[in-house]
Amino acid sequence: MSSNEKSIFKSLDWFTIVLYLVMTIYGAISIYAAKYSFEQTSLFSFDTYSGKQFCWIILSLCLGFSLLLIDRQFYEAYAYPIYGCMILLLVLTIFVAPNIKGSHSWITLGPVSLQPAEFAKFATALALAKLFSTYGFSLNTPKNMAIAVGIIVLPILIIILQNETGSALVYTALVFVLYREGMTGLVLFAGLASVVIFVIALKYSTVPFMDITLGEFCVFILLMVIIVGMLHIYCKSHVAARNVTLGYLGTGALALGAHYLGCDIHGYLFFFPVIICSLIYLIWEFFRMNNRKILTTIGFAIAGMCLLFTVNFAFNEVLKPHQQMRIKVALAIEDDVRGQGYNVNQSKIAIGSGGLMGKGFLNGTQTKFGYVPEQHTDFIYCTIGEEQGFVGSVAVLILFLTMILRVIAIAERQHTAFARVYAYCVASILIFHLSINVGMVIGLCPVIGIPLPFFSYGGSSLWGFTILLFILLRIDASRSQYGVW
């Protein structure tokens with residue numbers, strides 16, 4: 001081993017590597033528990049899922065330490081070619097991958113099946129980091145913003161064509177990196193508001209109120225609040241915010257009075273004139289004050305109303321029946337405990353039955369008798385909840401929290417934009433996977449097939465996260481060469 005290689009290994013963040021080892025071994029033991037049968041005795045037998053997972057762990061360690069031997073400059077110099085190759089592989093996968101439950105996302109290589117979407121994560125992170133390291137790059141120009149968004153959106157579109165929507169959604173987590181690097185928070189606010197509007201409009205789409213649905217009523221009220229809030233906080237136009245608020249309160253009082261006198265008020269006939277009048281007033285305020293932020297507020301309100309009336313179309317015409325049912329189950333619109341809601345229902349039973357301390361290792365009844373499908377993959381967390389209880393479940397979350405905070409700390413101590421952006425990409429992807437996986441296991445999110453990093457069974461997932469993490473460790477180990485600490 002050369003002196004440079006010895007220096008790199010001395011500079012490695014060994015705490016993160018220890019965390020990685022603890023989580024992967026913990027995951028393999030949980031897989032053993034999830035697939036345990038009375039005839040099964042060996043944790044390391046290659047005939048069991050846990051034995052295969054240990055094999056993947058050993059191969060992942062070999063892969064990880066091989067990545068540490070590659071010069072740091074290689075990852076930056078060849079970021080775009082690596083991204084291009086992964087995009088081509090994703091496109092090729094559509095045509096060569098077999099149909100597995102309607103999805104064309106797995107390439108079969110003899111006895112091994114690999115999912116290229118898992119490996120495209122590190123390639124996309126490298127390409128995004130390379131873009132931000134370009135001299136003078138800034139997100140303030142529309143061209144640069146379009147390029148950054150394009151790098152993220154391209155793999156999303158290709159993976160959707162593979163009919164693997166869950167894996168595609170992971171890449172949306174990289175939007176948080178754009179926010180960290182200077183993107184306006186309005187984009188995140190718009191995304192959050194869109195999700196809230198979609199959920200509220202759909203959740204209460206069958207409850208009548210004021211001759212419209214309760215969902216539409218709530219969204220109209222929400223839009224009014226957004227308009228007033230943006231005028232106060234974003235536009236700093238307190239007079240306009242006060243006038244719009246008084247207008248809303250006055251028309252609301254008139255509506256209540258009319259209702260008290262026995263008049264039926266149609267929701268559309270009330271809300272549309274009120275919101276349109278407020279927007280006309282804001283247009284006048286814009287020309288009077290020349291405050292462009294008021295135009296943004298107007299755009300938010302118009303976009304919100306357009307979204308409200310496209311929810312039903314998007315849900316019924318764009319989403320597939322099984323996706324619709326999963327969302328309905330997650331929003332408690334329908335139970336379907338024997339169909340799409342079966343996994344989640346059984347998972348919640350398993351976690352709830354674990355209590356505080358759990359039933360003990362290999363003593364989970366839901367686990368032993370296979371009541372939870374896919375328990376060794378996407379639903380591995382419910383095995384931990386049943387056998388190790390609340391304590392074990394929290395311990396896993398603490399491990400992930402420690403890992404994520406460590407990655408963020410690594411990001412903040414970097415001296416180059418390339419290293420910092422790549423580290424934040426890693427953190428964003430880990431946060432998304434953890435949040436969605438745990439959320440769907442306990443019934444807070446629709447089931448979309450997102451594995452729990454380092455815990456769920458599967459070579460593609462483990463290799464993908466190993467590459468993602470160990471490239472970061474290699475880049476971090478050379479940080480002293482790019483600045484004085």
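Heavy-atom basis, side chains included; hydrogens, waters and symmetry copies ignored.
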Counting distance only, does the side-chain N/O of Thr310 pair as donor-acceptor with the main-chain N or O of Leu307 below 3.5 Å? yes

Distance-minimising heavy-atom pair for Ala127 and Tyr80: O-CE2, 3.6 Å

Centroid-centroid distance, Phe209 to Tyr204, less than 6.0 Å: no

For the student: nearest non-hydrogen atoms of Ala201 and Leu308, plus distance: CB-CD1, 3.9 Å

I need the Ile227 CD1 to Ile275 CD1 distance, nearest 0.5 Å. 5.5 Å

Taking the side chain as every heavy atom from C-beta outward, state whether Val175 and Met183 have any atom pair closer than 4.5 Å. yes

I'd like to know whether Leu186 forms a side chain to side chain contact (heavy atoms under 4.5 Å, CB included) with Met230, so could you lay out the CA-CA distance, the side-chain angles of the two residues, the decisive distance to 0.1 Å, and finally the verdict. CA-CA 10 Å; Leu186 285 175; Met230 289 188 67; 4.1 Å; yes

Out of curiosity, Arg288 CZ to Ser237 OG, how far, rounded to the nearest 0.5 Å? 7.5 Å

Between atom CD1 of Ile94 and atom CG of Leu89, what is the distance when rounded to the nearest 0.5 Å? 10.5 Å

So does Leu472 get a backbone contact from the side chain of Asp476, meaning a donor-acceptor N/O pair under 3.5 Å? no

Counting distance only, does the side-chain N/O of Ser30 pair as donor-acceptor with the main-chain N or O of Ile384 below 3.5 Å? no

Going by distance alone, is a donor N or O of one side chain under 3.5 Å from an acceptor N or O of the other, for Glu164 and Ser105? yes

Looking at Gln414 and Ile410, would you say the former's side chain and the latter's main chain have a donor-acceptor pair under 3.5 Å? yes

Do Phe137 and Leu131 come within less than 4.5 Å of each other through their side chains, counting heavy atoms only? yes

Could you tell me how the ring of Phe465 sits relative to the ring of His433: parallel (under 30°), tilted (30 to 60°) or perpendicular (over 60°)? perpendicular

Check whether any side-chain heavy atom of Leu222 sits under 4.5 Å from a side-chain heavy atom of Cys218, and report yes or no. no

Kindly indicate whether the side chain of Thr134, heavy atoms from C-beta on, has any atom under 4.5 Å from the side chain of Asn144. no

Hey, mind stepping through Thr16 and Met403 against side chain to side chain contact (heavy atoms under 4.5 Å, CB included) and telling me if it holds? CA-CA 7 Å; Thr16 304; Met403 170 75 80; 3.9 Å; yes

Given side chains that start at C-beta, do those of Arg420 and Phe132 come closer than 4.5 Å, heavy atoms only? no

On a heavy-atom basis, the closest approach of Ser278 and Val244 is CB-CG1, 4.3 Å

Rounded at 0.5 Å granularity, tell me how far SG in Cys235 sits from CG in Leu282. 8.0 Å

Pairwise distance CD1(Ile448) to CG(Leu169) - rounded to 0.5 angstrom: 5.0 Å

Give a yes or no on this: more than 12 heavy atoms of other residues, nucleotides or ligands lie within 6.0 Å of atom CG of Leu261. yes

Measuring from atom CG of Leu231 to atom CG of Asn243, what distance do you get when rounded to the nearest 0.5 angstrom? 10.0 Å

Does one side chain, of Ser478 or Arg474, offer a donor that lies under 3.5 Å from an acceptor on the other? yes

Is any side-chain N of the basic residue among Arg413 and Asp13 closer than 4.0 Å to the acidic one's carboxylate O? yes

Between Phe454 and Tyr20, is any pair of side-chain heavy atoms under 4.5 Å apart? yes

The single option from Tyr268, Phe270, Phe271 that satisfies ring-ring contact (aromatic ring centres under 6.0 Å, His included) with Phe217 is Phe271

Compare every heavy atom of Val239 with every heavy atom of Tyr281, then report the nearest pair and how far apart it is. OH-O, 4.4 Å

Minimum-distance pair of heavy atoms, taken over all atoms of Ser428 and Phe176: OG-CB, 3.9 Å

Leu192 versus Leu188: any side-chain heavy-atom pair under 4.5 Å? no

Taking every heavy atom of Val407 against every heavy atom of Leu430, the minimum-distance pair comes out as CG2-CD1, 4.4 Å

Is Glu181 reaching over with its side chain to a backbone N or O of Leu139, donor-acceptor style, under 3.5 angstrom? no

Just by distance, do the side chain of Ser460 and the backbone of Gln115 share a donor-acceptor pair under 3.5 Å? yes

Over 12 non-hydrogen atoms of neighbours within 6.0 angstrom of OH in Tyr26: yes

Can any side-chain N or O of Tyr171 pair as donor or acceptor with the backbone N or O of Lys121 at less than 3.5 Å? yes

Aromatic rings Phe455 and Phe400: how do their planes relate, parallel, tilted or perpendicular, breaks at 30° and 60°? tilted

Residues Thr124, Ile151; criterion side chain to side chain contact (heavy atoms under 4.5 Å, CB included); working and verdict: CA-CA 7 Å; Thr124 305; Ile151 288 175; 4.1 Å; yes

For the backbone of Phe315 and the side chain of Gln324, can you confirm whether one donor and one acceptor N or O come within less than 3.5 Å of each other? yes

Pairwise side-chain contact, Ile429 with Leu174, heavy-atom cut-off 4.5 Å (strictly under): yes

Given side chain to side chain contact (heavy atoms under 4.5 Å, CB included), test Asn291 with Glu285 step by step and report yes or no. CA-CA 8 Å; Asn291 186 347; Glu285 280 288 317; over 6 Å; no

